[in-house]
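The shown structure was predicted, so the numbers you read here are calculated from the model rather than taken from an experiment.
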Amino acid sequence: MTTITSTSSAVQAPFDDAGFDEAQFAAASFLARYSGRTFEAYRHDLRGFFQWAADHDVPVLAATRPHIELWRGSMEERGLAASTIDRRLSTVCGFYRFAHIDGRIRSNPAEYVRRPQVHPSDARGLDRSELGMFLAAADHYDSPHQALAVLLGLNGLRVSEACETSVEDLAVEREYRVAAQHDR
């Protein structure tokens with residue numbers, strides 16, 4: 001994989017090709033704003049779109065709104081969930097927004113792309129009473145269970161984020177204890 005190094009950090013290019021074209025530079029520029037899992041998810045989404053464009057002989061930086069909507073339709077035909085399609089469209093729309101801002105394209109073809117209707121999830125967070133019971137139950141086990149419960153409940157972390165947190169991630173910012181997770 002090609003790596004682009006800037007003064008602030010190294011950014012992996014989204015594609016394995018030795019020859020970078022203007023669209024891949026635009027993708028690398030867009031992805032340089034992100035890190036960790038967000039970077040990986042956005043890179044995956046752009047790879048999928050770039051592959052679709054290549055399969056349909058559509059130059060990425062010459063794509064139009066109808067092209068992007070055809071891509072959306074192809075994802076619908078594959079039976080992807082509306083939330084997945086919406087997230088992937090969001091990535092591609094962001095890519096084109098920044099390509100336009102960066103002067104790589106004259107106008108943003110994704111500006112008025114129709115998005116699928118995503119229905120709200122029935123999932124909800126814990127209310128105060130439920131959170132209190134959760135923390136109290138963890139307190140009856142041992143320190144590791146209590147620490148995990150606090151990370152999950154009071155910091156709103158996902159289980160995977162809590163499990164990846166280490167002592168080195170703990171810090172103090174403006175007199176508050178924080179867990180500042182670093183990219184791994």
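Residues Tyr96 and Val60 are in side-chain contact: their nearest non-hydrogen atoms beyond the backbone lie under 4.5 Å apart. With contacts defined as side-chain heavy-atom distances shorter than 4.5 Å, the pair Asp21/Gln24 qualifies. Side chains of Leu46 and Val92 form a contact here, defined as non-hydrogen atoms less than 4.5 Å apart. When side chains are defined from C-beta on, Met133 counts as touching Ser129, because their heavy atoms get closer than 4.5 Å. Side-chain contact check for Tyr42 versus Phe30: some heavy-atom pair is nearer than 4.5 Å. A 4.5 Å side-chain heavy-atom check between Pro116 and Met75 finds every atom pair outside the cut-off. The closest side-chain heavy-atom distance from Glu76 to Arg72 is below 4.5 Å. Taking 4.5 Å as the limit, some side-chain heavy atom of Arg43 sits within range of a side-chain heavy atom of Arg47.
Listed here is the closest heavy atom pair of His145 and Ala138: O-CB, 3.7 Å. Heavy-atom minimum distance, Arg88 versus Arg78: NH1-NH2, 3.8 Å. Contact detail for Ala26 and Leu61: the closest heavy-atom pair is CB-CD2, 4.4 Å. Contact between Ala82 and Val118 at its shortest, heavy atoms only, is O-CG2, 3.7 Å. Heavy atoms only, all atoms of each residue included: Thr91 and Asp45 are closest at OG1-OD2, 2.8 Å.
Note that the CD1 atom of Ile85 and the CD atom of Gln117 stand 13.0 Å from one another [nearest 0.5 Å]. For the atom pair NE2 of His67 and CZ of Arg65, the computed distance is 11.5 Å after rounding to the nearest 0.5 Å. Cys93 contributes atom SG, which lies 9.5 Å from atom CD of Glu111 (distance to the nearest 0.5 angstrom).
Here the rule is ring pair (Phe, Tyr, Trp, His ring centres under 6.0 Å) with Phe95, and of Phe50, Phe49, Tyr34 only Phe50 fits it.
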What do the steps show when you test Trp52 against His56 for ring pair (Phe, Tyr, Trp, His ring centres under 6.0 Å), and what is the final call?
CA-CA 6 Å; Trp52 178 89; His56 292 85; 4.4 Å; yes

Could you please spell out the steps behind the side chain to side chain contact (heavy atoms under 4.5 Å, CB included) verdict for Val58 and Trp71?
CA-CA 11 Å; Val58 176; Trp71 176 60; over 6 Å; no

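With Phe98 as the aromatic partner, Arg33 meets the cation-pi criteria of under 6.0 angstrom to the ring centre and within 45 degrees of the ring axis.
We find that Arg114 and Asp86 are not joined by a salt bridge, their nearest charged nitrogen and carboxylate oxygen being 4.0 Å or further apart.
Counting only N and O atoms by type, the side chains of Gln146 and Asp142 include no donor and acceptor under 3.5 Å apart.
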